[in-house]
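First the proteins, then the strands, lettered A, B, ... as listed; each starts at 1. As a basis for the values below, the full set of heavy atoms in this structure was taken, side chains included, without hydrogen atoms, waters or symmetry mates.
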2 protein chains.
Amino acid sequence: MGLTPDDVARLDDIVKRKCPLHRGEYLFQEGEPFRALYVVKSGSVKSYARNADGEVRVLGFHLPGELIGLDGIEHNTHACSAKVLETSAICEIPYAHLQTLSAAIPSLQQQMYRLLSKEINRDNEMLFLLTNKNADERLATFLINLSGRLRKRGLCATDFYLSMPRHDIASYLNLSAETVSRRFTHFQKAGLLDISGKHVQRLDIPALEGMLAVGMTVTINKG
Amino acid sequence: MGLTPDDVARLDDIVKRKCPLHRGEYLFQEGEPFRALYVVKSGSVKSYARNADGEVRVLGFHLPGELIGLDGIEHNTHACSAKVLETSAICEIPYAHLQTLSAAIPSLQQQMYRLLSKEINRDNEMLFLLTNKNADERLATFLINLSGRLRKRGLCATDFYLSMPRHDIASYLNLSAETVSRRFTHFQKAGLLDISGKHVQRLDIPALEGMLAVGMTVTINKG
DNA sequence: CGCGGAATTGATGTGCATCAACTCGGGTGG
DNA sequence: CCACCCGAGTTGATGCACATCAATTCCGCG
């Protein structure tokens with residue numbers, strides 16, 4: 001990414017390894033002062049926010065290699081909570097140090113801008129998924145996306161463990177837990193996967209992608 | 001924001017004023033190489049993206065003082081299009097210059113991080129609005145938000161002109177144009193505003209805010 | 001082995017999309 | 001200056017995808 005080995009070493013110096021966190025423990029909670037960004041080294045994390053009524057919205061699931069906490073920069077306060085879903089190893093990157101370092105290393109600054117922009121684009125895609133796709137398409141997209149991220153990390157893309165409960169998947173996809181359950185069994189009957197509790201096996205990615213294929217709906221729509 | 005007068009002058013040096021753009025003209029289009037960010041000086045702009053099927057989603061409306069184009073940083077390509085809704089004055093900030101300058105001026109870098117983070121938080125709020133609120137609440141939120149942004153710029157918060165067609169409001173709020181129309185007339189009958197075409201008058205902000213008041217629904221929901 | 005939350009499965013309800021018809025308004029040309 | 005025209009907006013009727021409510025059943029854990 002344009003960082004020299006020396007740059008990497010300097011970045012590495014400011015990163016703190018936290019001792020392993022267990023299911024239910026927090027990286028941070030909504031409203032706490034923002035001090036650091038976090039990177040998942042192993043395990044998985046969910047982030048979520050709640051509105052004035054106390055309703056919870058799962059905003060994302062974070063796998064190894066992914067960065068958490070960028071939303072805290074705006075107000076120096078965490079805008080969401082991050083809770084580990086299973087025993088996880090986490091690294092902490094103190095934000096003050098990162099700021100200093102990124103001012104000194106142009107390519108690190110550039111990388112930070114890119115990561116922030118990526119988060120914006122991810123959010124826009126999510127918005128699109130939740131507002132323009134039906135339950136089957138949302139669930140299929142979720143599975144394909146998860147599968148792809150696991151593969152990138154060298155893990156099996158077709159057989160994996162869902163560390164989050166149905167309720168969280170439902171919240172993330174803006175569906176009811178019942179609908180998620182129903183669509184999973186529907187996928188199973190259609191031979192798209194074998195699911196048993198939290199275990200997914202024999203995920204048929206091409207078939208799932210086929211579900212998302214450009215509908216024959218030729219919508220002409222001028223901007 | 002921590003910028004010295006000298007810093008401001010240096011930032012000002014890199015900003016280019018574009019000659020006024022007219023309704024329907026583009027600041028940039030999806031897929032074009034990313035070269036600059038844009039600030040609205042007067043008028044209004046909409047940004048939108050379209051998916052593989054060609055469906056259009058309005059992502060935002062931009063009023064004077066607001067920054068456009070941050071989504072282009074990730075891939076050096078604009079991820080959405082920006083089109084002016086009425087004759088508008090726009091400033092262009094070449095990104096390469098901004099990068100150099102922000103590396104040299106720590107408070108500018110900090111400001112950039114904040115702006116990017118703000119965009120992430122705005123997206124998350126939007127996600128929440130579109131997935132957890134009904135048509136009336138979405139429209140009320142839209143009006144309150146618009147009103148507040150106009151007030152900030154010294155304009156009238158209760159009487160204003162909607163530069164975007166119903167169809168765009170509908171797309172932005174993930175409703176059909178018919179529903180937007182129906183809810184507007186509903187608001188009118190309820191005495192929340194007078195609307196005639198694109199003209200909004202006598203907007204009753206406290207009443208609209210009342211609609212959004214924490215529902216008596218005491219939802220206890222553990223994260 | 002038995003408890004309690006998670007997950008599944010079924011029955012019913014509803015908010016908004018969609019389809020369809022009509023009206024309004026403002027821009028243009030005669 | 002007015003008549004026409006066409007897209008934008010409104011209004012009404014119908015349908016449906018998913019939420020919600022309500023039972024079970026499953027499964028992890030003490």
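- Put simply, CD1 on B:Ile169 is 14 Å from C1' on D:dT10, counting in whole angstrom units.
- Terminal axes of the helix from C:dC1-D:dG30 to C:dG30-D:dC1 (five pairs each, C1' rotation axis) are separated by 40°, to the nearest 10°.
- The existence of a salt bridge linking A:Glu119 and A:Arg122 is confirmed by a sub-4.0 Å separation between a basic side-chain nitrogen and an acidic carboxylate oxygen.
- Proximity of B:Thr185 to the phosphate of D:dT11: a side-chain N or O atom is located under 4.0 Å from OP1 or OP2.
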Side-chain donor-acceptor distances from residues 187-196 of chain B under 3.5 Å, at least two apart:
residue  : atom : partner  : partner atom : Å
B:Gln188 : OE1  : B:Ile195 : N            : 2.8
B:Asp194 : OD2  : B:Arg202 : NE           : 3.3

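- A close approach under 4.0 Å does not occur between any side-chain nitrogen or oxygen of B:Lys198 and OP1 or OP2 of D:dA8.
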Open item on the list: One character per nucleotide, please: for nucleotides 13-30 of chain D, 5' to 3', B when the base has a protein heavy atom closer than 4.0 Å, S when only the sugar-phosphate does, - otherwise.
Closed with: B----SSBBB--------

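- Residues passing the salt bridge (Lys or Arg N to Asp or Glu O under 4.0 Å) test with B:Glu86: none are found, sequence neighbours excluded.
- At whole-Å resolution of the value, CD in A:Gln188 and C1' in C:dA7 are 13 Å apart.
- Rounding to whole angstrom units, NE2 of residue B:His167 and C1' of D:dT10 are separated by 16 Å.
- No option in B:Phe160, B:Tyr161, B:Phe184 other than B:Tyr161 meets the ring-ring contact (aromatic ring centres under 6.0 Å, His included) test with B:His199.
- Counting to the nearest Å, the C1' atom of D:dG9 and the CG atom of B:Asp168 are 14 Å from each other.
- A search for salt bridge (Lys or Arg N to Asp or Glu O under 4.0 Å) contacts involving A:Arg182 returns nothing, not counting sequence neighbours.
- Partners of A:Arg149 under the salt bridge (Lys or Arg N to Asp or Glu O under 4.0 Å) rule, at least two apart in sequence or in another chain, are A:Glu66.
- Distance, B:Met164 CE to D:dG9 P: 11 Å, rounded to whole Å.
- In this pair, B:His78 and B:Tyr38 present their aromatic rings tilted. The plane angle is within the 30 to 60° band.
- Between the CG atom of B:Leu139 and the P atom of C:dG15 there is a distance of 17 Å, given to the nearest Å.
- Between the CD1 atom of A:Ile195 and the P atom of C:dA6 there is a distance of 17 Å, rounded to whole Å.
- Shortest non-hydrogen contact noted between A:Tyr172 and A:Leu59 is CE1-O, 3.4 Å.
- Contact record, B:Ile14 with B:Pro94: O-CD, 3.1 Å, taken as the closest heavy-atom pair.
- Here C:dC16 presents its P atom at 16 Å from CG of A:Asn132, a figure rounded to the nearest Å.
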